[in-house]
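This one's a predicted model, so the numbers in the text were calculated from it and none came from an experiment.
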Amino acid sequence: MAQRSGIAVREPQAGTYTDNMALDLTQSLALGLRAERFLPGGVDSPVRAFRAVGGHPPFVASAAGAYLTDADGNRYIDMFGSWGPMLLGHAFPPAVAAIQQAAARSASFGASTAAEADLAELVQQCFPSVEKLRFVSSGTEACMSAIRLARGFTNRPFVIKFEGCYHGHADALLVKAGSGVATFGIPGSAGVPAQTAMHTLALPYNDLAAVEAAFLSHPDLIACVILEPVVGNAGTIAPAPGFLAGLRALTRQYGALLIFDEVMTGFRLSAGGAQELFGCATGDAAPDLTTLGKIIGGGLPCGAFGGRADVMEFLAPLGPVYQAGTLSGNPLAMAAGIATVSYLLAHKATLYPQLDATTASIAEGVALAAAKHGLGVTTNRVGSMFTWFFTPSAVTDFSTASASDAALFARFHRGLLERGVWLPPSQYEAAFVSAAHTEVEVTAIVRAADAVFAAMTR
Ligand code: HOZ
């Protein structure tokens with residue numbers, strides 16, 4: 001490690017890893033080989049396998065604040081934050097303490113606890129449109145259940161989603177999905193019956209005319225429109241002015257429900273997520289249902305879906321739509337969620353401006369470095385989520401995101417990793433900044449990116 005201005009900057013050096021990487025990943029390689037004996041591809045989620053960027057994924061040993069430490073002792077500035085949940089940094093002390101205290105009272109009961117209503121009340125303070133909610137164990141479950149509820153409530157079969165949006169891996173929602181599905185170029189997963197996928201209409205993001213045409217051609221058949229109000233799973237893409245309001249107007253006109261998938265954006269873009277940031281948190285502008293995940297569980301497996309009370313009361317045991325879960329409302333997840341969300345609520349006046357400023361410095365600092373080296377990079381940022389697309393053209397939907405140069409992104413990713421900065425390993429994912437990232441990390445990231453760009457254009 002070289003020390004410059006008090007900042008540790010890892011210099012590439014000869015290591016035992018052979019894929020042109022200067023990192024010593026000896027332990028991670030051994031752990032990877034062992035994992036491959038037992039786990040398909042050595043992973044429990046495809047995007048962890050680094051197939052899109054090359055090289056071998058470091059195996060994480062621990063994390064604290066803005067830093068990950070791997071099994072070989074390499075330290076990285078974390079730019080993916082467990083894919084979103086770690087808004088307050090790793091091992092956030094109030095969450096750690098709350099989890100420890102809850103664990104001492106037993107990890108699971110399969111029966112109701114006071115903590116579920118406590119967290120639900122905090123969520124409602126953040127999201128006034130969530131009059132009632134149900135906890136589940138993941139964002140996938142939240143979206144899958146919201147879709148079933150929308151179909152049950154409206155008694156209609158079709159769902160509109162948008163190309164490049166990812167709503168978890170439930171069958172009906174994998175059609176033209178983002179995240180790993182886009183990363184690996186899988187047009188739609190094997191194992192999803194055509195009869196299931198045929199009720200999913202995948203349309204271009206930010207294209208209101210396409211949505212209107214779908215409603216016109218399927219009158220009385222569309223149960224809901226589900227979208228990421230800011231896309232994170234095709235890289236970061238903001239809604240065009242008028243897009244969210246246009247969807248609200250069309251869904252209301254045609255009697256369909258509007259579902260905001262705020263699994264990534266909820267509690268991240270503001271305490272009240274994208275719906276608060278874009279002024280559609282209340283009244284006629286609000287979505288009918290919202291799905292949540294990631295931050296809501298403070299890093300533990302947790303999700304939720306909620307919204308209009310009359311819709312939510314269609315759920316069993318009150319209504320005919322069945323949805324259940326042994327670990328739903330798990331006491332450890334509730335404890336971590338309460339510690340996290342109550343902190344966000346108490347500190348939101350300073351926390352979100354700080355996140356915004358830090359992320360702007362990183363995103364814009366690296367964009368300037370790219371320009372200096374003559375690289376065409378488009379930077380999309382909303383609050384503390386952003387993406388550097390390796391294309392000079394504007395990115396407004398999945399098709400424009402796909403114009404990015406994946407090979408350049410892969411080189412950039414590997415170069416940053418060597419220099420101690422760990423980006424999400426796909427062009428089709430958002431990077432996330434936490435409250436633990438400071439000026440020290442900003443400077444180190446911009447400096448590392450500048451060095452990588454220099455090497456790429458040499
Ligand atoms: N929603 C996460 C980011 N796209 C997925 C992470 C994963 O698939 O492991």
Between [X] and [Y], a side-chain donor and acceptor under 3.5 Å:
X    : Y    : result
E131 : Q124 : no
Q323 : R148 : no
T154 : R151 : no
T379 : E364 : no
S426 : E429 : no
T265 : E228 : no
S145 : R134 : no

Answer yes or no: does atom [atom1] of [X] have more than 12 heavy-atom neighbours from other residues, nucleotides or ligands under 6.0 Å?
X    : atom1 : answer
E121 : CD    : no
R252 : CZ    : yes
R51  : CZ    : no
Y322 : OH    : no

Check for me whether the distance between the ring centres of [X] and [Y] falls short of 6.0 Å.
X    : Y    : answer
F432 : W83  : no
Y254 : H218 : no
Y428 : Y166 : no
F386 : W388 : yes
F243 : Y205 : yes

For [X] and [Y], which heavy atoms make the closest approach, and how far apart are they?
X    : Y    : result
A333 : P301 : CB-O, 3.7 Å
L355 : A435 : CD2-N, 3.5 Å
G303 : I296 : CA-CG2, 4.2 Å
A202 : E163 : O-OE2, 3.7 Å
G139 : V263 : CA-CG2, 3.9 Å
L122 : V341 : CB-CG1, 3.9 Å

Test your reading of the model: is there a side-chain donor-acceptor pair from [X] to the backbone of [Y], 3.5 Å cut-off?
X    : Y    : answer
H437 : D78  : yes
E276 : C126 : no
N380 : V395 : yes
K161 : C165 : yes
Q275 : P287 : no
N206 : A238 : yes
T387 : T236 : yes
T200 : A172 : yes
T358 : T438 : no
E141 : S137 : yes

Just verifying a value: how many Å separate [X] [atom1] and [Y] [atom2], rounded to the nearest 0.5 Å?
X    : Y    : atom1 : atom2 : result
I226 : L289 : CD1   : CG    : 9.0 Å
L88  : I295 : CG    : CD1   : 7.5 Å
R308 : L149 : CZ    : CG    : 10.0 Å
L416 : R414 : CG    : CZ    : 11.5 Å
S82  : L87  : OG    : CG    : 12.0 Å
W422 : F80  : CH2   : CZ    : 4.5 Å

Inset, instruction - Step by step, work out the side-chain contact (heavy atoms from CB on, under 4.5 Å) result for I77 and L68. - result: CA-CA 6 Å; I77 300 173; L68 297 162; over 6 Å; no
Test item: [X] and [Y] side chains (from C-beta on) under 4.5 Å apart, heavy atoms:
X    : Y    : answer
P157 : L221 : yes
L174 : H169 : yes
F50  : H56  : no
L269 : V230 : yes
V130 : L133 : yes
I160 : V211 : yes
E441 : V433 : no
N330 : C302 : no

Which of D220, V225, I222 passes side chain to side chain contact (heavy atoms under 4.5 Å, CB included) with F158? Answer is I222
(Q) Using side-chain contact (heavy atoms from CB on, under 4.5 Å), reason through F305 and M312 one step at a time and then give a plain yes or no. (A) CA-CA 9 Å; F305 63 105; M312 291 302 291; 3.9 Å; yes
Chi angles and distances behind the salt bridge (charged side-chain N to carboxylate O under 4.0 Å, His left out) call for R381, D356:
CA-CA 9 Å; R381 180 181 76 84; D356 193 65; 2.9 Å; yes
Between L119 and I338, is a side-chain contact (heavy atoms from CB on, under 4.5 Å) present by the stated rule, with each step listed?
-> CA-CA 5 Å; L119 183 54; I338 290 167; 3.8 Å; yes
Practice prompt. Take F412 and L423 through the test side-chain contact (heavy atoms from CB on, under 4.5 Å) and record every step on the way to the result.
Written response: CA-CA 9 Å; F412 181 59; L423 272 187; 3.7 Å; yes
Q. Do K132 and D310 sit within salt-bridge range, that is, some charged N less than 4.0 Å from a carboxylate O?
A.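 Salt bridge between K132 and D310, a charged N being under 4.0 Å from a carboxylate O: no.
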> Would you call R411 and D405 a salt bridge, using N to O less than 4.0 angstrom?
Replying inline: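 Looking at D405 together with R411, the answer is no, because their closest N to O distance does not fall below 4.0 Å.
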Students often mix this up, so state it plainly: with edges at 30° and 60°, are the rings of Y343 and H347 parallel, tilted or perpendicular?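 The arrangement is parallel - the two ring planes meet at less than 30°.
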